[in-house]
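Just so you know, these numbers come straight off a predicted model, no measurement behind them. Letters A, B, ... mirror the listed sequences (proteins, then strands); counts begin at 1. Computed over heavy atoms, backbone and side chain alike; hydrogens, waters and symmetry mates excluded.
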There are 2 protein chains.
Amino acid sequence: MQFSKSTDYALHAIIHLGHSQRCNNVGIRELSGILGVSESYLSKIMSKLRQDGIVRAVPGVNGGYELARPADQITFLDVIQVIEGRQQLFECSNSSSQQHQLLAEEGAVQRDQKYPGKACLVEKVMNGAEQQLHQYLREHTIQSVLDEAFKRCSHDVNKK
Amino acid sequence: MQFSKSTDYALHAIIHLGHSQRCNNVGIRELSGILGVSESYLSKIMSKLRQDGIVRAVPGVNGGYELARPADQITFLDVIQVIEGRQQLFECSNSSSQQHQLLAEEGAVQRDQKYPGKACLVEKVMNGAEQQLHQYLREHTIQSVLDEAFKRCSHDVNKK
DNA sequence: ATTATTATAGATCTTTATTGTCCATAATAA
DNA sequence: TTATTATGGACAATAAAGATCTATAATAAT
């Protein structure tokens, strides 16, 4: 299990947009050059980000992309969910199996119907793990990375 | 990004082994019946678990699988890493790109070599997220699920 | 020792998801 | 009106996951 390359591209692209906020829009050519990925592929990713309201896009001369809202209001989770989707990280695939029934319901052998809200105990643990992950990713914004980069930069300047 | 079905099978299989600790070994036929997956496929998964020292396997009549150590010493992370592998959840794919350099090193444009230990800031956040996830998965053992299942069961009995 | 039983390892196939390209179209500013 | 830029659809290549089959090795019971 790994995050896709698309997620990597998306995050780096958005950070670049955040970095260029003051200036003009950033075109797909510039972005693709910086990230080292083809324009065609990257534009698919940017389209998704636009559809989900993370970035704005302007066609035409001097067009390009910009952040749709301040960088401190765009979390890592926001970006990741656009690219990776919002399905659960873990889904119990054998919800009809004996064991699932045993784990999900208190030894109820005679019942066959599904009881919503009664998740398999394995799934319950895995969902807990997912929540942990999400919380962390929600706490980290694009702005926090920009700040960190700036700190490093000025620290470097001071050293010299 | 999702956990694979194999991880689901592995976790459920191991929980069943934990549940049957007192009795004899559990054969692949029984396991595959319970989980609703073919014997051939499941046996691949069980082999991996054996190679990583999670379960023991005994061939021959009355053979089968059993846990290689107590259920409270087998964490979710242990099992998941056997199946999903131990690569990082996120790897910065464009480590040679301009932006990566900018984010990883303090505005050092003139250097081209790789500096180990200087991760891209995006990767740094993502690695932090992975650590959160791992910590949670390390804190949850197979035994903890068995305990929970038992609690539910006895609670149910009391109600009746 | 022989036999039935059980796990193991290898090869192979199918399906699905990811990554990537190409082209026609729509929208915009100069 | 035109050059420029993003968009969307179709498509292809690659990689990963899911699954099956067969031959082999190991073991316990007889």
Determine which pairs satisfy ring pair (Phe, Tyr, Trp, His ring centres under 6.0 Å) with at least one residue from residues 23-72 of chain B, sequence neighbours left out, and list them in order. none
Does the side chain of [X] get closer than 4.0 angstrom to OP1 or OP2 of [N] through an N or O atom?
X: Ser47(B); N: dT8(C); value: yes
X: Gln51(A); N: dG8(D); value: yes
X: Ser6(B); N: dA17(D); value: no
X: Gln2(B); N: dA17(C); value: no
X: Tyr41(B); N: dT8(C); value: no
X: Ser4(B); N: dA17(D); value: no
X: Ser38(A); N: dT21(C); value: yes
X: Tyr9(B); N: dA17(D); value: no
X: Arg50(B); N: dA9(C); value: yes

N/O donor-acceptor pair under 3.5 Å between Asp52(A) side chain and Val82(A) backbone: no
Counting primed atoms, P, OP1 and OP2 as sugar-phosphate and everything else as base, the B/S/- map of nucleotides 25-30 of chain D against protein heavy atoms under 4.0 Å is -BBS--
Do [X] and [Y] have a side chain donor and acceptor closer than 3.5 Å?
X: Thr7(B); Y: Glu84(B); answer: yes
X: Glu91(A); Y: Gln2(B); answer: yes
X: Ser144(B); Y: Asp147(B); answer: no

Measure from [atom1] on [X] to [atom2] on [N] and round the result to the nearest Å.
X: Leu49(B); N: dA9(C); atom1: CG; atom2: C1'; value: 16 Å
X: Lys5(B); N: dA16(D); atom1: NZ; atom2: C1'; value: 14 Å
X: Glu39(A); N: dT21(C); atom1: CD; atom2: P; value: 11 Å
X: Asn25(B); N: dA7(C); atom1: CG; atom2: P; value: 9 Å
X: Leu42(A); N: dC22(C); atom1: CG; atom2: C1'; value: 16 Å
X: Ile45(A); N: dG8(D); atom1: CD1; atom2: P; value: 15 Å
X: Leu35(B); N: dG18(D); atom1: CG; atom2: C1'; value: 15 Å
X: Glu91(A); N: dT16(C); atom1: CD; atom2: P; value: 16 Å

Has the side chain of Lys44(A) got a donor or acceptor atom sitting under 3.5 Å from an opposite partner on the base of dG9(D)? yes
Which one is paired to dT22(D), where only Watson-Crick or G-U wobble pairs with both distances under 3.5 angstrom count? dA9(C)
CD1 of Ile142(B) to CD1 of Ile15(B): how many Å apart, nearest 0.5 Å? 5.0 Å
Comparing Val26(B) with Thr7(A), nearest DNA chain C nucleotide closer to 5' gives the residue Val26(B)
Within residues 82-90 of chain A: residues closer than 4.0 Å to DNA chain C (heavy atoms): none
